[in-house]
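Computed from a predicted model, the values in this text were never measured in an experiment.
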Amino acid sequence: MKLSQKEKAALKAAFRSMTPGEKAEYILTYYKWPILLGLLALAVLCSGVYRRLTEKEPVLYVGFVNTVVGEDLKTGLTSGYLSDSGLDLRRKEVYTYEDLYLTDDADTLSHEYAYASRMKVLGAVNAGKLDVVFTNREGYDLLSRAGYLLDLGELLRENDPQSAQRLEPLLTENAVVISDNSLEVLLNEAEAADTVTENARNGLPLSGFPLFREAGFDGEVYLAVIANSSRRDSVTSYIRYLCG
């Protein structure tokens, strides 16, 4: 109901005559929900502004597959690269996926964890949010056979011919499955398995490079690049940094 001018004036006079405590009680009684909603909206706004101001832009997405790195090495692989590239650590980041576990061993006790990791890798690849992986030989073989990896010789020749001359002799060849009839065999539509593969130089062993010499890995660790990476310039500079 709309108040008349006389009623409004009477309410103002009554409010002015209240003690501070009575004024606070009156405001809480009649304006509690508008105040709470206003505070909630302000909190949401401040949270959004803070998140926007502190949000970092990934320059690379890196995954550690069947490989655990110490804090010092992780720092070298992330903020060390950013600093070396002259990038602002407050605004940029190397985004990492850690504790990924890939295996073809159906009897492993970690079968469910391996399946979850496979789905996480697949989702990141399909979303274009995985560029580089550090992996042991088992993970490297699985990723290569699945066709996830880029030929590093081609990448280096196209983007960094100088590094290509130095690194190409070190690259590792691995099989890539071009076609197979495993589904037909499973459905009894074919009697014998028929798999067609080709080799690609899609792995770079890292144990000889400065950052990795004292890392204490059990076996060789390989760098590989995801085939659909859209950040190939950054990937190339990352490889140059790691092998420098």
Do side-chain atoms of Thr67 reach the backbone of Val65 as a donor and acceptor pair under 3.5 angstrom?
-> yes

Should Val62 and Phe134 count as side-chain neighbours, where that means a heavy-atom distance under 4.5 Å?
-> yes

For the atom pair NZ (Lys92) and OG (Ser79), what is the distance rounded to the nearest 0.5 Å?
-> 16.0 Å

Are Leu142 and Met119 co-members of a hydrophobic cluster defined by side-chain heavy atoms under 4.5 Å apart?
-> yes

Can you tell me how far the CD1 atom of Ile226 sits from the OG atom of Ser229, to the nearest 0.5 Å?
-> 8.5 Å

Side chains of Leu223 and Val133 in contact at under 4.5 Å (non-hydrogen atoms) | no

So, are Arg91 and Glu57 salt-bridged, with charged N and O less than 4.0 Å apart?
-> no

If every non-hydrogen atom of Tyr97 is compared with every non-hydrogen atom of Lys129, which pair is closest and at what distance?
-> OH-O, 2.8 Å

Do you know which two heavy atoms are closest between Ala227 and Gly147, and how far apart they sit?
-> CB-O, 4.4 Å

Between Thr103 and Ala114, what is the shortest heavy-atom contact and its length?
-> CG2-CB, 3.7 Å

To the nearest 0.5 Å, how far apart are NZ in Lys56 and CG in Asp88?
-> 9.0 Å

Tell me, do Arg118 and Tyr101 make a side-chain contact under 4.5 Å, heavy atoms counted?
-> no

Any side-chain heavy-atom pair of Phe209 and Leu167 under 4.5 Å = yes

Can you name the nearest heavy-atom pair linking Leu73 to Ala215, along with the distance?
-> CD2-CB, 4.0 Å

Indicate whether any N or O donor in one side chain lies under 3.5 Å from an N or O acceptor in the other, for Asn228 and Tyr148.
-> no

Does Val132 belong to the same Ile/Leu/Val/Met/Phe/Trp/Tyr cluster as Leu143, with side-chain heavy atoms less than 4.5 Å apart forming each link?
-> no

For the residue pair Thr78 and Glu93, confirm or rule out a side-chain donor-acceptor distance under 3.5 Å.
-> no

Nearest heavy-atom pair of Ala200 and Val176: which atoms, and what distance?
-> CB-CG2, 4.0 Å

Counting distance only, does the side-chain N/O of Thr96 pair as donor-acceptor with the main-chain N or O of Glu98 below 3.5 Å?
-> no

Hey, does the side chain of Asn66 reach the backbone of Glu138 with a donor-acceptor pair shorter than 3.5 angstrom?
-> no

Heavy-atom side-chain proximity of Phe217 to Val69 below 4.5 angstrom = yes

Under 4.0 Å between a Lys/Arg side-chain N and an Asp/Glu carboxylate O for Asp141 and Arg137?
-> yes

More than 12 heavy atoms of other groups within 6.0 Å of Gln165 CD | no

Thr172 vs Leu204 side-chain heavy atoms within contact, under 4.5 Å = no

Check whether more than 12 heavy atoms from other residues, nucleotides or ligands sit under 6.0 Å from atom OH of Tyr113, and answer yes or no.
-> yes

Group every Ile, Leu, Val, Met, Phe, Trp and Tyr by side-chain heavy-atom contacts under 4.5 Å, then state whether Phe64 and Tyr115 land in the same group.
-> no

Taking all non-hydrogen atoms of both residues into account, name the closest pair between Ser83 and Leu89 and its distance.
-> OG-CD1, 3.5 Å

Residues in side chain to side chain contact (heavy atoms under 4.5 Å, CB included) with Asn126, at least two apart?
-> Leu122

Cluster overlap Val94 with Val125, hydrophobic side-chain contacts below 4.5 Å | no

Main-chain N/O of Gly80 paired with Asp84 side-chain donor or acceptor, under 3.5 Å = no

Give a yes or no answer on whether the side chain of Glu220 reaches the backbone of Ser207 with a donor-acceptor pair at less than 3.5 Å.
-> yes

Review item, side-chain donor-acceptor pairs of residues 235-244, under 3.5 Å, at least two apart:
residue: Thr236; atom: OG1; partner: Arg232; partner atom: O; Å: 2.7
residue: Ser237; atom: OG; partner: Tyr81; partner atom: OH; Å: 2.6
residue: Ser237; atom: OG; partner: Ser234; partner atom: O; Å: 2.9
residue: Tyr238; atom: OH; partner: Leu77; partner atom: O; Å: 2.8
residue: Arg240; atom: NH1; partner: Asp160; partner atom: OD2; Å: 2.6
residue: Tyr241; atom: OH; partner: Gly76; partner atom: O; Å: 2.7

Verify, without hydrogens or angle tests, whether Asn202 (side chain) and Leu150 (backbone) share a donor-acceptor contact under 3.5 angstrom.
-> no

Got Val225 and Leu149 here, is their nearest side-chain heavy-atom distance under 4.5 Å?
-> no

Hey, are Glu154 and Arg201 close enough for a salt bridge, meaning a charged N less than 4.0 Å from a carboxylate O?
-> no

Close side-chain approach of Tyr222 to Leu206, heavy-atom, < 4.5 Å = no

Step-by-step side-chain contact (heavy atoms from CB on, under 4.5 Å) determination, Leu100 to Val121 | CA-CA 8 Å; Leu100 298 173; Val121 169; 3.9 Å; yes

Just how far is it from atom CG of Asn174 to atom CG of Asp151, taken to the nearest 0.5 Å?
-> 11.5 Å

